[in-house]
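Order of the sequence lines sets the chain letters (A, B, ...), proteins ahead of strands, with each chain counted from 1.
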Amino acid sequence: MTPNTLEAYRLFHKGIEAFALAERQGIRIDVDYYEQKIEKLQKRIERLEKKFYNTNFFKHWQHTTKSKVNINSDTQLRRYLYGVKKIEPIYATESGEGSTDEKALKQLQIPEIDDLLRIRKLKKIKSTYLEGFLRESVNGYIHPSFDLHWVRTYRGSSRNPNFQNIPKRDKEAMQICRKGLYPRPGHRLLEIDFSKLEVSIAACYHKDPMMLKYLTSDSSDMHGDMAQQIFKIKKLDKSKPSHNTLRAAAKNGFVFPQFYGDYYGNNALSLACDWGKLPNGRWKGGQGIELENNHLSDHLIKHGIKSIKSFIEFMKEVEKDFWYNRFPTYQEWKEKWWKYYQKNGYIDMLTGFRCKGVMSRNDCINYPVQGAAFHCLLWSFIKLTEIMVEEKWETKLIGQIHDAIVFDAHPDELDYILKVVKKVTTQELPEQWKWIIVPLSVDADIGEIDGSWAEMKNLDF
DNA sequence: GGAACTCGCCAC
DNA sequence: AAACGTGGCGAGTTCC
């Protein structure tokens, strides 16, 4: 695994130097806040544990176990549920054991297990994030390492602590974890991320006309179109919350998984799971989100999809249409790319990096996209760091999350920084790399002066 | 008593 | 033909 061209080598060399500056700068943290929050969480966890110990579920579990039960042990839980109680596991792990992850446990519909999952969630927040931050803090700052020498796709990684997986979607976890991360006194946190970067970079490889159209025209909407097709609605109306839910479901339950190489069977099941029609493949009316006095499930039944089986068959057709009618050139590219690897034993990225070794079909399709997309971020990160040093900014780059850069910004420099960021990311980058044939765009989130990372607002610029 | 492993879960 | 890509990390368990 090496950069295959001088250009690729230089990108990583400069990347390491730029990351070193960000690492030295670090991210300010509120140590007192985390210490107090850990104590509070610990008390909440103990209360929940006490409650759980009083349930019949736990008492029976302990009764059937010789040694003292550790409720944090998935191994012990697995033995109890699937061994002692002989419940049929919903699905298995990689190694063939019955799964005890959240999704599998929820489907067992045992009320006491909800307590267990709640405890699991709080412990994750406390140990991985809060205690991790404190362990790594030096004089009120954490200094995550940003590495460029681990990842198979030539992406970056982060550790000690990992700055790239701090909770965001789960509101409660996000608040707790990010509330103690700050800019330097008097500054504002600023996060810039590329919009739909991987989809755009994929298009630079396959050049599918329909995809290029989606990425170039403001009026077209790929996820909206897929929502219409999957959920059989005539016209997606973005002013309706229910339609936005369906659009998000199409995006996260079909389009993105398909890009990563998933197939209709998984898509159908996970979509159906989301609106609660499983387990047992039972397809009932009166479920799923409300659509004009109608539940999604009734709506689909009315349109001839009367069982989970027929939904799977339907999604099979949707998939076929997606690849062979909507994006045929993308489909051909995937086949061509996979064949090329099988013949030559390697594939080259648009940025001059070579992937070799044992790779699956999905790997061949994903690696070049994932890598080159990150290299767009990296190139921008380097360029902005160079300008920062050259112009002696008070503002500093302090971190990177695959397609996003985090700044610790001086308020007086903010307008200027935003102008430079936009120029570098959307103009200079495509000028530098002529293979970028789609418009790139960036989005900004900004915190208050002395505001934490938990309270960021979208910024028009 | 530590290394290696599995599992679960957070991000993109 | 195959069947979701990349990481880091904590906790528990098993192996030596």
Side-chain angles (χ1 to χ4, degrees), chain A residues 67 69-79 91-105 116-117 119-133 135-136 144-170 173-174 176-178 191 193-199 201-202 252-270 312 315-316 319 334-335 338-339 342 355 359-371 373-374 377 399-404 406:
Chain A
S67 52
V69 166
N70 179 352
I71 61 168
N72 302 317
S73 165
D74 294 326
T75 314
Q76 293 179 28
L77 180 62
R78 180 177 301 114
R79 282 180 196 142
Y91 48 84
T93 65
E94 180 72 33
S95 73
E97 303 286 341
S99 172
T100 57
D101 68 13
E102 183 179 3
K103 221 171 123 211
L105 291 180
L116 209 53
L117 291 172
I119 293 168
R120 209 189 249 181
K121 198 148 255 169
L122 295 176
K123 283 199 166 164
K124 166 89 177 174
I125 294 170
K126 174 172 169 274
S127 60
T128 302
Y129 298 105
L130 309 198
E131 290 173 352
F133 293 160
R135 188 170 54 245
E136 296 296 337
S145 300
F146 294 100
D147 294 322
L148 288 174
H149 60 289
W150 296 116
V151 182
R152 296 171 61 84
T153 62
Y154 299 100
R155 255 195 186 180
S157 64
S158 166
R159 64 201 173 110
N160 302 337
N162 185 347
F163 186 63
Q164 299 179 319
N165 73 346
I166 300 167
K168 187 167 189 178
R169 288 165 209 157
D170 180 321
M174 185 278 273
I176 297 172
C177 295
R178 295 189 177 214
E191 189 169 346
D193 72 301
F194 281 98
S195 327
K196 46 187 167 15
L197 184 60
E198 287 199 5
V199 176
I201 297 310
N252 300 318
F254 178 77
V255 178
F256 280 150
Q258 281 285 332
F259 287 159
Y260 284 137
D262 201 1
Y263 87 118
Y264 64 89
N266 286 340
N267 301 152
L269 252 46
S270 78
I312 294 171
M315 288 305 293
K316 184 175 179 178
E319 183 190 271
K334 294 199 295 183
E335 299 309 331
W338 172 226
K339 281 213 175 80
Q342 288 177 301
C355 297
M359 286 192 275
S360 71
R361 183 179 186 276
N362 282 344
D363 292 340
C364 285
I365 292 156
N366 286 321
Y367 287 10
V369 175
Q370 200 180 92
F374 168 66
L377 187 283
Q400 162 267 123
I401 313 168
H402 306 304
D403 68 351
V406 182

For [X] and [N], is the shortest distance between a side-chain N/O and OP1 or OP2 below 4.0 Å?
| X | N | value |
| --- | --- | --- |
| A:Asn72 | C:dG12 | yes |
| A:Thr128 | C:dG8 | no |
| A:Asn266 | C:dA3 | no |
| A:Asn160 | C:dC9 | yes |
| A:Ser158 | C:dG8 | no |

Check the distance between [N]'s [atom2] and [X]'s [atom1] and give it to me in whole angstrom.
| X | N | atom1 | atom2 | answer |
| --- | --- | --- | --- | --- |
| A:Asp147 | C:dT6 | CG | P | 18 Å |
| A:Asn362 | C:dT6 | CG | C1' | 13 Å |
| A:Asn70 | C:dG10 | CG | P | 17 Å |
| A:Glu335 | C:dA2 | CD | P | 13 Å |
| A:Ile166 | C:dC9 | CD1 | C1' | 13 Å |
| A:Glu198 | C:dC4 | CD | C1' | 12 Å |
| A:Leu116 | C:dA11 | CG | C1' | 14 Å |
| A:Gln76 | C:dA11 | CD | C1' | 12 Å |

Touch check for [X], heavy atoms < 4.0 angstrom, all strands: base, sugar-phosphate only, or nothing?
| X | answer |
| --- | --- |
| A:Glu102 | sugar-phosphate |
| A:Lys124 | base |
| A:Ile365 | nothing |
| A:Ser360 | nothing |
| A:Glu97 | sugar-phosphate |
| A:Gln258 | nothing |
| A:Arg78 | sugar-phosphate |
| A:Arg155 | base |
| A:Tyr367 | sugar-phosphate |
| A:Lys121 | sugar-phosphate |
| A:Asp363 | sugar-phosphate |

### Query
On DNA chain C, nearest-nucleotide positions of A:Asn366 versus A:Arg79: which is more 5'?
A:Asn366

### Query
Can we say A:Lys124 and A:Glu102 salt-bridge, meaning some charged N sits less than 4.0 Å from an Asp/Glu carboxylate O?
no

Does [X] reach the side chain of [Y], with side-chain heavy atoms less than 4.5 Å apart?
| X | Y | value |
| --- | --- | --- |
| A:Lys168 | A:Ile401 | no |
| A:Leu105 | A:Arg120 | yes |
| A:Gln370 | A:Glu198 | yes |

### Task
Using chain A heavy atoms and a threshold of under 4.0 Å, write down where along DNA chain B the contacts begin and end, 5' to 3'.
B:dT6 to B:dC12

### Query
Does the aromatic ring of A:Tyr260 sit over the six-membered base ring of C:dG5, closer than 5.5 Å centre to centre and tilted less than 30°?
yes

### Summary
Taking every heavy atom of A:Ala404 against every heavy atom of A:Leu377, the minimum-distance pair comes out as N-CD2, 3.5 Å

### Message
Regarding C:dG5, can its base be found pairing with the side chain of A:Gln370 as donor and acceptor, where the two atoms are less than 3.5 Å apart?
### Response
yes

